[in-house]
Enquirer: 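Encoded as structure tokens, here's the structure I'll be asking about.
Below, chains carry the letters A, B, ... as their sequence lines are ordered, and counting in each starts from 1.
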Amino acid sequence: MNRTPLLFLNVFVIATCGLIYELVAGTLSSYVLGDSVTQFSLIIGIYLFAMGVGSWLSGFIEKNIAEKFVDIELAVAVIGGFSAPLLFFSFANLSFFSIVLYGMVFIIGTLVGLEIPLLMRILKDELDFKDLVSRVLSLDYIGALAASLLFPLFLVPKLGLTRTSLLFGMLNAVVGIWATWLLEPLIRKNVNFLRVKGFVIILLLFAAFIKADKLTSLAEDALFTDDIIYAKSSPYQRIVVTKGKTGYALFLNGNLQFNSFDEYRYHEALVHPAFAAFGANPKRVLVLGGGDGLAIREVLKYPSVENVTLVDLDPMMTELSNNLPAIANLNKNALADKRVSVINNDAYVWLDNAETEPFDVAIVDFPDPNNFALGKLYTTRFYNLLKTKLKPDSAIVIQCTSPLIARNSYWCIIKTLESAGFHVKPYQTTVPSFGVWGYALAKLEPFETPKKPPGNIELKFLNDNSFASMFEFSTDTSLPKDEEIEINRLDNQALVRYYEAEWRRFE
Amino acid sequence: MSEFTRREILTAFLGLPFALAACRSNSADDFPDGEIVGANVDVGHILRENRNVEVSENNWENARVAIVGGGVAGLSAAWKFQKENFDDFILLELENKIGGTAQSGKNDFIGYPWGAHYLPVPFQENTELISLLDEMNLTEGKNQNGEIVVKEQFLCREPEERVFYKGRWYEGLYLNVGASDEDKRQLGEFQKQVDFWVNWRDPKGKRAFVLPVANCSTDAEVTDLDKISFTDWLKQKGFTSERLLWYCDYACRDDYGLRLEQTSAWAGLFYFCSRVRKSGDESQSFITFPEGNGRFVNFLHEKVRDKTRLKTIALEIVPNETGVDVIYLNTETNEIRGLRCKKTIFAAPIFTTKYLIRDFRQNTPDFFQEFEHNAWFVANLFLKDRPKSQFTKDFPLAWDNVIYESPSLGYVNATHQKGIDYGQTVFTYYFPMCDGKGRAKLFGLGWKELADICLTDLSLAHKDIRELAERIDIMRWGHAMISPRPNFIWSGAREKAQKPFRHIHFAHSDLSGIALFEEAFFHGIRAAKETLRANLQG
């Protein structure tokens with residue numbers, strides 16, 4: 001049997017795998033560290049250099065070339081195959097992520113750099129040097145083409161980074177095992193041992209491939225179709241950031257907080273009506289919840305703002321918003337702004353104890369009231385505490401879940417605000433990621449519904465028309481006529497019960 | 001320190017399954033810090049010695065009134081005096097802390113109760129108690145029916161209660177999960193019985209069950225309920241549902257420290273009926289604070305601080321023709337001093353009268369023998385974090401957390417009412433010693449055994465409790481509560497005991513037969529009024 005064509009097939013596979021690892025590392029690092037130009041250049045540079053190192057090192061291998069080749073294949077299979085899950089894990093858990101990243105790229109590059117020279121030496125006895133070089137190198141480049149086409153078109157969208165790297169790890173291991181048959185005459189030592197090693201590696205990679213969801217997030221279910229680039233549990237919540245076709249998304253306890261492709265709609269609608277209702281020169285702004293910094297990005301568009309106090313429960317969240325490039329770029333480094341002070345505390349406890357000057361505008365942007373700890377942040381007591389931090393002409397806004405999906409919940413919040421003594425203008429808008437979304441604009445004194453967004457502020461979504469239309473409610477989202485909506489109090493937590501009943505229909 | 005094995009102790013307190021589970025795991029050695037706190041046992045012994053002591057002439061002082069006992073009753077009397085601008089009185093409390101069973105503790109983070117920990121919102125008729133709530137700034141006006149409105153932050157926050165059953169937590173106290181149609185029918189039937197008594201009025205228009213007990217109807221139709229046990233009443237009415245009986249049993253243990261079969265049916269129904277305004281209404285909401293009823297007694301104490309003497313134990317109360325001499329020991333200085341008074345308000349547990357009142361030492365009136373008390377222990381667990389939920393959909397930590405299978409009452413979470421839902425907290429764990437030998441059993445054990453009982457019990461629901469608990473302090477209450485056993489409340493003994501003995505007026509929740517804040521408060525106010533009236537006349 002002429003094994004040469006089969007060995008050429010190996011060259012093709014090896015070349016494809018090698019480039020895939022490089023692309024995985026480049027994509028992954030640009031997801032988590034941002035700045036894809038820098039990340040891709042660095043990864044490609046280090047990788048190519050490492051391949052050079054590998055080629056050079058191949059010169060030191062004198063004996064047992066076929067065995068060494070198999071071993072190297074299996075090593076690439078393990079390190080390359082597990083590279084994506086390992087990198088995700090170390091990003092979430094290690095402070096020296098970039099060392100792990102570049103170190104891993106270097107090791108994979110070196111091993112891949114060893115492969116082709118060794119294979120060429122194995123094949124040299126069967127072909128002219130001229131044919132050898134031309135075929136091996138052309139297949140190498142075809143493999144690279146295959147990888148670079150497959151990666152963006154099929155692998156990332158269908159499999160995601162983790163499964164892609166695991167799949168190609170398995171391919172690498174297959175090449176290694178297959179080589180034990182192709183090169184059997186050249187292998188002097190225990191062939192079966194090499195084969196067992198290879199099968200064990202394939203099994204491990206396969207198991208990881210099946211359990212890939214669990215690997216990246218340790219306990220995330222199939223909820224996340226996109227790649228998880230960050231997943232970590234704080235004492236308060238599970239924080240997950242994903243990167244998909246539409247952009248980055250943040251999930252807290254599995255609930256979507258924003259998707260980068262349409263979050264501007266949500267945050268413009270959240271912030272600017274309150275500024276429009278307040279009027280001239282707002283100086284002091286309170287933001288409760290909203291640790292992603294996206295609302296603050298909008299707040300900082302107002303030059304008169306001197307001081308923004310952000311109260312968010314979770315230090316891990318506010319640090320992430322400041323340090324994860326994916327989020328920090330999106331919020332324009334809002335949390336690092338001199339005008340912003342971050343307080344990590346439960347907003348209820350903070351309002352109950354803090355002594356502070358009153359605020360001109362307060363933005364209340366908590367997760368939906370799906371448990372009692374969150375439900376207390378929507379009670380008459382909470383709004384009464386908030387009142388103590390306001391002036392008679394202060395404007396506040398509250399995110400109020402969906403008036404379409406959770407209609408009673410939405411109007412429960414509106415009624416609760418009214419019963420705490422606020423004059424309320426309910427409004428809603430559409431955010432594709434969320435659906436129809438509701439807010440409440442409120443003041444302690446009676447006020448006119450603002451007609452348009454404040455002037456001289458750069459906006460992507462709101463204009464005079466879209467602004468005015470937010471205050472109109474359709475038949476299926478307006479206050480239910482046939483139902484007596486309860487007021488949410490600490491001692492009844494009516495809202496959590498409405499919310500659970502309404503959202504349970506969609507689970 | 002105990003001659004019993006760990007397994008014997010755990011079996012005696014918690015039952016065999018708990019004991020076996022605990023002894024299978026090697027958890028016996030994981031103990032946090034902690035100690036027994038509260039009144040020194042020696043102080044109690046001094047009381048029982050019936051000391052006949054002489055007070056040297058220059059150690060006597062005069063006060064128009066002495067109040068013996070600084071629990072809710074004594075403090076309420078003092079508060080009433082202060083409100084009526086009468087200030088010639090002195091209050092003696094043997095402990096170094098005010099409040100009796102309503103006392104509380106606090107660390108640098110949060111307050112926590114050592115006993116009583118809530119007060120149902122009083123009906124509008126309870127004007128004296130409402131004036132206290134107003135003075136404490138807990139209220140904000142009245143609703144259209146004239147009932148007081150208590151500020152939201154002082155009403156027990158939802159979720160109020162949850163119950164742990166077969167590995168999971170469920171909302172509420174009554175175990176709804178898995179209830180059969182028959183269980184539900186019986187619960188509905190029971191509710192009808194409660195409604196019947198809520199709506200019941202005697203010919204004079206008095207309610208059957210209302211707080212304070214003094215305002216309850218004395219009509220035989222209702223007082224006859226006191227002649228049988230709650231178990232017998234439930235049986236007579238055909239109630240057999242296990243979970244309904246558990247619910248009623250829990251109520252008796254919670255409010256009286258007695259089992260269903262030990263409690264009078266009158267007292268059992270009192271629990272369910274006295275806090276419901278009219279049929280169909282929810283039970284009155286609870287007013288609560290992290291430190292429980294400690295908030296009330298600390299407020300009252302603040303008002304009369306300069307009239308209060310802590311660590312002073314009355315040794316003998318000697319009525320005479322013109323007044324009463326009260327001889328007491330300062331347990332700090334060991335000085336014996338005397339108070340020459342016109343009147344004394346005896347606001348200590350009734351069983352102590354036979355040690356303190358000279359005339360009763362030889363000749364205790366029979367009716368005083370009818371007052372029986374039971375023992376409790378209360379543990380405060382200082383946790384560095386909350387126990388983790390074992391299931392994502394488990395019902396979350398509530399204010400009151402009860403373990404169905406356990407003889408304890410479960411625990412109350414101190415940070416609940418403050419809205420603090422994360423991180424460190426204090427759990428207050430309650431264990432009533434229902435059986436007759438409870439007191440001896442309780443005082444036969446030391447800190448470690450009691451802490452072990454508490455940890456073993458809670459670890460059924462919280463596997464991580466031993467790691468989370470940084471400290472456990474334990475209070476043993478030898479005479480925590482008066483026991484409303486059958487044939488006590490309406491036997492006539494309470495009525496007789498309420499009558500002043502010479503110049504001594506009695507004030508204690510014991511006199512109601514039910515250990516509730518409202519009752520102690522009522523008797524304190526009553527005794528204060530009696531003495532004020534007498535003083536005005538004299």
Enquirer: How about B:Lys142: does its NZ atom have over 12 heavy atoms from other parts shown lying under 6.0 Å from it?
Expert: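 No.
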Enquirer: Chain A contacts: which residues in residues 410-420 of chain B have a non-hydrogen atom closer than 4.5 Å to it?
Expert: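 When heavy atoms of chain A are the reference, residues 410-420 of chain B contributes B:Lys418, B:Gly419, B:Ile420 within the under-4.5 Å range.
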Enquirer: If I measure from the heavy atoms of chain B, does A:Tyr348 come under 4.5 Å with its side chain, its backbone, both, or neither?
Expert: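 Contact with chain B: side chain only.
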Enquirer: Going by heavy atoms in the side chains, are B:Glu158 and A:Arg497 under 4.5 Å from each other?
Expert: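 The answer is yes, as the side chains (C-beta and beyond) meet within the 4.5 Å cut-off.
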Enquirer: A:Arg381 and B:Glu152: which non-hydrogen atoms are nearest, and at how many Å?
Expert: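 Here A:Arg381 and B:Glu152 meet closest at N-OE1, 2.9 Å.
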Enquirer: Take atom CD of A:Glu445 as the centre, draw a 6.0 Å sphere, and report whether it contains more than 12 heavy atoms from other residues, nucleotides or ligands.
Expert: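 More than 12 heavy atoms, drawn from other residues, nucleotides or ligands, come within 6.0 Å of this atom.
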Enquirer: I'd like to know whether B:Asp421 forms a side chain to side chain contact (heavy atoms under 4.5 Å, CB included) with A:Lys376, so could you lay out the CA-CA distance, the side-chain angles of the two residues, the decisive distance to 0.1 Å, and finally the verdict.
Expert: CA-CA 10 Å; B:Asp421 293 319; A:Lys376 73 173 184 251; 2.3 Å; yes
Enquirer: Relative to chain A, which segment of B:Glu282 carries a heavy atom at a distance below 4.5 Å: side chain, backbone, both, or neither?
Expert: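 It is neither, since no heavy atom gets under 4.5 Å.
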Enquirer: Nearest 0.5 Å please: distance from the CD atom of B:Glu160 over to the CG atom of A:Asn492.
Expert: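 Rounded to the nearest 0.5 Å, the CD-CG separation comes out at 11.5 Å.
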Enquirer: Taking CG in B:Asn145 as the centre, count heavy atoms belonging to other residues, nucleotides or ligands within less than 6.0 Å. Is the count above 12?
Expert: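 More than 12 heavy atoms, drawn from other residues, nucleotides or ligands, come within 6.0 Å of this atom.
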Enquirer: Could you state the interatomic distance from CG (A:Leu490) to CZ (B:Phe154), rounded to the nearest 0.5 Å?
Expert: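 Reported value, rounded in 0.5 Å steps: 11.0 Å.
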Enquirer: Against chain B, label A:Leu385 side chain, backbone, both or neither, depending on which of its atoms sit under 4.5 Å from a heavy atom there.
Expert: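 For A:Leu385, no heavy atom lies under 4.5 Å from chain B.
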Enquirer: From B:Tyr422 OH over to A:Asp314 CG, what is the distance, rounded to the nearest 0.5 angstrom?
Expert: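 One gets 9.0 Å once the value is rounded to the nearest 0.5 Å.
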Enquirer: So, using ring-ring contact (aromatic ring centres under 6.0 Å, His included) as the criterion, who are the partners of A:Phe258 when residues are at least two apart?
Expert: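 Per chain and number, A:Phe258 pairs via ring-ring contact (aromatic ring centres under 6.0 Å, His included) with no residue.
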Enquirer: Are B:Arg157 and A:Arg489 side-chain neighbours, meaning at least one heavy-atom pair lies under 4.5 Å?
Expert: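 Sidechains of A:Arg489 and B:Arg157: no contact.
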